[in-house]
Number of protein chains: 2
Amino acid sequence: MSSLPLDQVIQGDCVEVLNRLPPESIDLIFADPPYNLQLRNELRRPDHSRVAGVTDPWDRFADFEAYDQFTLAWLSACRRVLKASGTLWVIGSYHNIYRVGYHLQNLGFWILNDIVWIKTNPMPNFRGVRFTNAHETLIWAQKERGKPYTFNHHAMKALNGDLQMRSDWHLPICSGSERLRENGAKAHSTQKPRALLYRVLLAASNPGDVVLDPFFGSGTTGEVARWLGRHWIGIERDPRYMELARRRLANTSAAPPATLTQTNPRREPRLPFGALLEHGLLQAGQTLYFEGRTEHTALVLADGRVEYNGMRGSIHLIARQIAAAAVNGWQQWHYFDPHDETLRPIDHLRQKLKSILFKPREEEE
Amino acid sequence: MSSLPLDQVIQGDCVEVLNRLPPESIDLIFADPPYNLQLRNELRRPDHSRVAGVTDPWDRFADFEAYDQFTLAWLSACRRVLKASGTLWVIGSYHNIYRVGYHLQNLGFWILNDIVWIKTNPMPNFRGVRFTNAHETLIWAQKERGKPYTFNHHAMKALNGDLQMRSDWHLPICSGSERLRENGAKAHSTQKPRALLYRVLLAASNPGDVVLDPFFGSGTTGEVARWLGRHWIGIERDPRYMELARRRLANTSAAPPATLTQTNPRREPRLPFGALLEHGLLQAGQTLYFEGRTEHTALVLADGRVEYNGMRGSIHLIARQIAAAAVNGWQQWHYFDPHDETLRPIDHLRQKLKSILFKPREEEE
DNA sequence: ATGCTACATGAATCACCCC
DNA sequence: GGGGGTGATTCATGTAGCA
């Protein structure tokens with residue numbers, strides 16, 4: 001295999017498949033390896049219902065040494081196919097992330113950041129014997145210290161309301177309609193949310209780049225790569241997951257490439273418009289209507305800005321240009337709600353997202 | 001040194017000092033080791049002012065291997081002095097925490113949680129080449145898997161507005177009047193905020209426990225330990241920091257013991273159902289009502305068992321038989337209160353007896 | 001359609017005493 | 001030390017069912 005099998009799911013052990021790929025050919029790797037959870041007994045909620053733990057056979061290792069060998073093998077194989085300018089993301093929990101980070105540093109990867117995914121709705125600790133485990137950790141590392149790498153600072157800043165994107169990402173877990181199901185049961189026990197991958201790919205790759213995921217699973221990485229105009233390669237050992245991902249990707253539409261070009265920073269409000277994109281309430285390429293009228297339309301860009309009449313900027317900036325007055329973009333811009341075929345202010349979506357992210361708590365004494 | 005040097009700062013290398021302490025004598029260790037930051041060049045803000053990085057000699061290591069040796073040495077020494085029921089906290093950043101976590105697991109420590117300290121006011125990434133590094137990581141580990149350990153669940157829940165404390169802690173960095181200064185300059189480059197230690201010590205120790213900090217620095221651990229009625233031992237290599245901490249601790253006042261009462265029911269003595277009979281709150285021959293309904297009644301026997309439908313057993317056993325599920329007999333069974341002619345759970349009587357037998361006590365030991 | 005309640009569930013290393 | 005009994009323990013969110 002000398003050329004890259006782009007935009008495909010490849011069935012097989014990731015080390016073997018990686019070793020057949022040409023060296024230094026991948027721009028970005030996102031890896032979601034087994035966490036080695038080591039669950040022993042069943043766990044019940046206070047109402048005595050049983051918690052469905054992750055006890056899949058792919059997460060069973062004899063001991064730490066076996067897990068270390070596994071980790072070194074796939075990290076080394078990834079390192080070979082990564083371009084000198086490429087970066088690697090790995091997600092994990094306290095069960096495995098210290099082993100991953102240790103070996104990754106030993107192999108010569110240079111950590112650029114670690115990111116904590118703060119879950120807005122984690123599962124509680126039912127027995128009250130530890131802290132609620134409310135986060136997972138991502139390590140972002142380049143192949144070699146000092147090499148150039150891709151970090152789309154302005155896109156991240158735009159996505160974060162004109163403030164620098166920080167290392168703590170507050171996002172909900174994957175649930176509801178986003179969660180893939182088969183006969184009512186979850187199709188994959190550890191499906192990652194699209195918003196997480198959206199931020200990773202937008203930050204650390206460019207349109208046309210090749211993004212590889214050695215533990216493809218349900219294929220979230222591929223779906224978001226398509227949204228963002230990145231090529232993707234998914235490696236998955238389990239034929240059932242491979243089929244699942246193939247079906248998913250066959251139904252994923254790509255965003256128009258015009259929305260994906262490089263950008264400059266803009267002013268944004270506190271809850272940024274980009275959050276609507278991260279959470280899938282809007283998609284890049286959708287049309288916005290100024291004051292709900294069809295003669296002024298704008299195009300939603302992937303980093304949370306909009307394009308109108310050759311101009312690019314935040315919803316507020318563009319709205320000011322059109323109205324020639326200080327206006328609030330959240331009220332001016334409308335989106336088409338296909339559910340009831342009406343135009344609504346995007347502020348409607350913001351309220352919806354607010355209720356998702358910051359559900360107001362009762363007043364306390 | 002056979003007895004513990006309580007409530008003192010000891011000057012010396014922590015491994016040497018730890019090796020002179022008796023084994024299995026410490027309840028809690030909080031360690032804030034050098035982070036091995038490996039800063040190469042000076043960093044300037046956009047206005048060209050110089051950023052005061054951590055370039056102290058105590059944070060310089062030749063390479064990862066040297067740092068690993070250092071880490072293994074102090075972790076091993078800590079492990080020896082820790083009680084079987086003791087736990088260890090280590091704080092670090094992505095520079096060192098993966099090495100710490102790896103070695104700690106290899107030594108047999110069992111991770112209970114990792115905690116992310118989210119800084120509400122971190123230093124921005126001035127050059128815009130990475131994400132703002134807005135967090136540090138703490139690992140909380142017990143000496144050995146499966147041993148009992150201290151976690152004050154109710155204290156944590158109360159501290160968090162009656163919701164379980166999560167693994168993400170949003171706290172500001174140490175600044176303002178809390179920050180120790182000498183001639184206007186920071187007295188210690190990595191002084192930790194008291195709020196962080198407050199949560200650690202309140203969660204994982206009890207009044208009277210011995211808390212040890214092998215990298216005492218400015219002495220935040222000691223100050224909070226005094227606040228919370230814990231004994232403390234601080235080890236610090238640098239004589240200047242040792243003096244700084246001694247001055248600080250001399251001016252720290254301890255909390256009134258009455259404010260430190262235990263709220264964890266696990267530490268309260270157990271009251272069997274028969275105690276209600278012994279103390280006359282119930283009498284043999286009385287009727288109990290399952291879930292307050294009159295169709296399931298049981299007879300109280302003199303030995304603290306109940307008889308229901310020919311079966312005899314504990315309140316829990318019989319309740320489980322009726323409910324065909326794991327239930328708590330204290331909640332299921334009701335008694336008739338002649339005072340106001342209502343049915344109440346027998347747990348009401350238990351609470352009453354508890355308040356009679358165990359008047360809220362002062363600090364123990 | 002709207003609103004309310006009940007129910008389900010999420011990468012989980014989830015008890016402890018006493019015989 | 002092993003086994004059985006006692007009894008302590010949950011938050012956010014989405015969906016289904018029903019009025």
Peer 1: When we call it a touch if two heavy atoms are under 4.0 Å apart, what does A:W58 touch: a base, just sugar-phosphate, or nothing?
Peer 2: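 Base contact.
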Peer 1: Does C:dC7 have its OP1 or OP2 closer than 4.0 Å to a side-chain nitrogen or oxygen of A:R45?
Peer 2: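 Negative; the distance criterion is not met.
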Peer 1: Would you indicate what A:G176 reaches in the nucleic acid, counting non-hydrogen atoms under 4.0 angstrom: base, sugar-phosphate, or nothing?
Peer 2: sugar-phosphate
Peer 1: Reckon A:P122 touches a base, only the sugar-phosphate, or nothing at all at heavy-atom distances under 4.0 Å?
Peer 2: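 Counting heavy atoms under 4.0 Å across all strands, the contact made by A:P122 includes a base.
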Peer 1: If you compare every side-chain N and O of A:H188 against the phosphate oxygens of C:dA11 (OP1, OP2), does one of them come in below 4.0 Å?
Peer 2: no
Peer 1: Give me, pair by pair, the N or O atoms of the protein and of nucleotides 2-4 of chain D that are less than 3.5 Å apart, along with how far apart they are.
Peer 2:
none

Peer 1: Both A:N121 and A:P46 contact DNA chain D. Which one's nearest nucleotide lies toward the 5' end?
Peer 2: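 Upstream on the strand: A:P46.
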Peer 1: Quick one: sort the B:W140 and B:F151 rings into parallel, tilted or perpendicular, breaks at 30° and 60°.
Peer 2: tilted
Peer 1: What is the distance, rounded to the nearest whole Å, between atom CG of B:L163 and atom P of D:dT9?
Peer 2: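 B:L163 atom CG is separated from D:dT9 atom P by 15 Å.
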Peer 1: Check this one for me: any side-chain N or O of A:K186 less than 4.0 Å away from OP1 or OP2 of C:dG10?
Peer 2: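 Answer is yes, contact under 4.0 Å.
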Peer 1: If a pair satisfies side-chain hydrogen bond (donor to acceptor under 3.5 Å, both in side chains) and one of its residues is in residues 235-244 of chain A, list it, with sequence neighbours excluded.
Peer 2: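 Only A:W58-A:Y241 qualify under side-chain hydrogen bond (donor to acceptor under 3.5 Å, both in side chains).
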Peer 1: Rounded to the nearest Å, what distance is computed from the CZ atom of residue B:R166 to the P atom of nucleotide C:dA12?
Peer 2: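 Checked: the CZ to P distance equals 14 Å.
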Peer 1: Check step by step if ring-ring contact (aromatic ring centres under 6.0 Å, His included) holds for B:Y98 and A:Y102.
Peer 2: CA-CA 5 Å; B:Y98 300 103; A:Y102 175 84; over 10 Å; no
Peer 1: Rounded to whole angstrom, note down the P distance from D:dA12 over to C:dC14.
Peer 2: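 That atom pair is separated by 22 Å.
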Peer 1: With sugar-phosphate meaning primed atoms plus P, OP1 and OP2, does B:L271 contact a base, only sugar-phosphate, or nothing at under 4.0 Å between heavy atoms?
Peer 2: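 Here B:L271 touches the backbone only, sparing every base.
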Peer 1: Would you classify A:P33 as touching base, sugar-phosphate or nothing, given that sugar-phosphate means primed atoms plus P, OP1 and OP2, and contacts are heavy atoms under 4.0 Å?
Peer 2: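 Base contact - A:P33 has a heavy atom under 4.0 Å of at least one base atom.
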Peer 1: Measuring to OP1 and OP2 of C:dC17, would you say a side-chain N or O of B:R270 lies under 4.0 angstrom away?
Peer 2: no
Peer 1: Nearest whole Å is fine: how far is C:dC14 P from B:F151 CZ?
Peer 2: 14 Å
Peer 1: In whole Å, I'd like the distance from the CZ atom of A:R179 to the P atom of D:dT15.
Peer 2: 13 Å
Peer 1: When we call it a touch if two heavy atoms are under 4.0 Å apart, what does A:K192 touch: a base, just sugar-phosphate, or nothing?
Peer 2: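 The answer is base, as A:K192 lies within the cut-off (heavy atoms under 4.0 Å) of a base atom.
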Peer 1: For B:W89 and B:W169, take the angle between the two ring planes, folded into 0 to 90°, and tell me which bin it lands in: parallel under 30, tilted 30 to 60, perpendicular over 60.
Peer 2: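 Taking B:W169 first and then B:W89, their aromatic rings sit tilted (interplane angle of 30° to 60°).
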Peer 1: Any idea which of D:dA12, C:dT13, D:dT10 is nearest the B:Q105 side chain?
Peer 2: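 Nearest to the side-chain atoms of B:Q105, counting from C-beta on, is C:dT13.
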Peer 1: In whole angstrom, give the distance that lies between atom CD of A:Q191 and atom P of D:dG14.
Peer 2: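 Rounded to the whole Å, the gap is 15 Å.
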Peer 1: What is the distance, rounded to the nearest whole Å, between atom CE of A:M123 and atom P of C:dA8?
Peer 2: 17 Å
Peer 1: Could you tell me the Watson-Crick or G-U partner of D:dT9, where both distances fall under 3.5 Å? Say none if there is no partner.
Peer 2: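 Here D:dT9 is not engaged in any pair, so there is no nucleotide opposite it.
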Peer 1: Looking at the side chain of B:H153, which of C:dG10, D:dT10, C:dA11 is the nearest nucleotide?
Peer 2: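 The closest nucleotide is D:dT10.
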Peer 1: Kindly label the base of D:dT15 as syn or anti, based on whether its glycosidic torsion lies within 90° of 0.
Peer 2: anti
Peer 1: Considering only heavy atoms and no angle criterion, is a donor-acceptor pair shorter than 3.5 Å present between the side chain of B:W330 and the base of D:dT6?
Peer 2: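 Absent.
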Peer 1: Please give, in whole Å, the distance from C:dA11 C1' to A:R40 CZ?
Peer 2: 18 Å
Peer 1: By the 4.0 Å heavy-atom rule, please label A:D32 as base, sugar-phosphate, or nothing.
Peer 2: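 The residue A:D32 makes base contact.
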Peer 1: Please figure out whether A:N96 or A:R181 has its closest DNA chain C nucleotide nearer the 5' end.
Peer 2: A:R181
Peer 1: Is A:R60 reaching over with its side chain to a backbone N or O of A:T55, donor-acceptor style, under 3.5 angstrom?
Peer 2: yes
Peer 1: Taking 4.0 Å as the cut-off, does a side-chain nitrogen or oxygen of A:N125 come that near to OP1 or OP2 on D:dT9?
Peer 2: no
Peer 1: What interatomic distance, in whole Å, is found between C1' of C:dT13 and the corresponding atom of D:dT6?
Peer 2: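 Nearest-Å result for D:dT6 against C:dT13 at atom C1': 25 Å.
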Peer 1: Between C1' on C:dC14 and NE2 on A:H95, what's the gap in Å once rounded to a whole number?
Peer 2: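 Answer to the nearest Å: 11 Å.
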Peer 1: What's the closest nucleotide to the side chain of A:R127 if the choices are D:dA8, C:dA12, D:dT6?
Peer 2: D:dA8
Peer 1: Which part of the nucleic acid, if any, lies within contact of A:S175, taking any heavy atom under 4.0 Å across all strands shown: a base, the sugar-phosphate backbone alone, or nothing?
Peer 2: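 Since only primed, P, OP1 and OP2 atoms lie under 4.0 Å of A:S175, the category is sugar-phosphate.
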Peer 1: Tell me which nucleotide among D:dT6, C:dC14, C:dG10 gets nearest to the side chain of A:V129.
Peer 2: C:dC14
Peer 1: Should C:dC14 form a Watson-Crick or G-U wobble pair with both distances under 3.5 Å, which nucleotide is its partner?
Peer 2: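 Pairing partner, where one exists within any strand: none, as none qualifies.
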Peer 1: Please lay out, stage by stage, how A:T132 and B:Q164 fare under the test side chain to side chain donor-acceptor pair (under 3.5 Å).
Peer 2: CA-CA 7 Å; A:T132 305; B:Q164 274 196 349; 2.5 Å; yes
Peer 1: Taking D:dA8 as the reference, what is the distance to C:dG10 when you measure between their P atoms (whole Å, please)?
Peer 2: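 One P to the other, the span is 29 Å.
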Peer 1: Is A:F126 stacked against the base of C:dC14, taking the criterion as centroid distance under 5.5 angstrom and interplanar angle under 30°?
Peer 2: no
Peer 1: For a quick check of understanding: with a heavy-atom distance under 4.0 Å over all strands, which category does A:E136 fall into, base, sugar-phosphate or nothing?
Peer 2: base
Peer 1: Are B:H135 and A:S167 close enough that a side-chain donor and a side-chain acceptor fall under 3.5 Å?
Peer 2: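 Present: a donor and an acceptor within the cut-off.
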Peer 1: Ignoring hydrogens and geometry beyond distance, is a side-chain donor-acceptor pair present between B:N113 and A:Y94 at under 3.5 Å?
Peer 2: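 Looking only at side-chain atoms, A:Y94 and B:N113 do not form any donor-acceptor pair under 3.5 Å.
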Peer 1: In terms of the nearest nucleotide of DNA chain D, which residue is placed more toward the 5' end: A:S177 or A:H48?
Peer 2: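 Residue closer to the 5' terminus by nearest nucleotide: A:H48.
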Peer 1: Taking atom types as modelled and ignoring hydrogens, do the side chains of A:S93 and A:E136 form a donor-acceptor contact shorter than 3.5 angstrom?
Peer 2: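 Short answer, no.
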Peer 1: Go ahead and name the base partner of D:dG14; Watson-Crick or wobble counts if both distances stay under 3.5 Å, otherwise write none.
Peer 2: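 Per the H-bond distance test, C:dC7.
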Peer 1: Of A:G184 and A:R130, whose closest DNA chain C nucleotide lies nearer the 5' terminus?
Peer 2: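 The 5'-side residue here is A:G184.
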Peer 1: Using modelled atom types only, decide if a donor and an acceptor are shared between the side chain of A:D59 and the backbone of A:N36 within a distance under 3.5 Å.
Peer 2: yes
Peer 1: With rounding to the closest Å, how many angstrom separate the P atoms on C:dA11 and D:dT15?
Peer 2: 15 Å
Peer 1: For D:dT6 and B:S314 - does any side-chain N or O of the residue sit under 4.0 Å from the phosphate oxygens OP1/OP2?
Peer 2: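 Yes, such a contact exists.
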Peer 1: What is the distance from atom OG1 of A:T221 to atom CZ of A:F215, rounded to the nearest 0.5 Å?
Peer 2: 12.0 Å
Peer 1: Has the side chain of A:D56 got a donor or acceptor that lies under 3.5 Å from a partner of the other kind on the base of C:dA11?
Peer 2: no
Peer 1: Counting heavy atoms from C-beta on, name the nucleotide in C:dC14, C:dA11, D:dT10 closest to the side chain of A:L43.
Peer 2: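 When the side chain of A:L43 is considered, C:dC14 is the closest of C:dC14, C:dA11, D:dT10.
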Peer 1: Under 4.0 Å between a side-chain N/O of A:Y35 and OP1 or OP2 of C:dT13, yes or no?
Peer 2: no
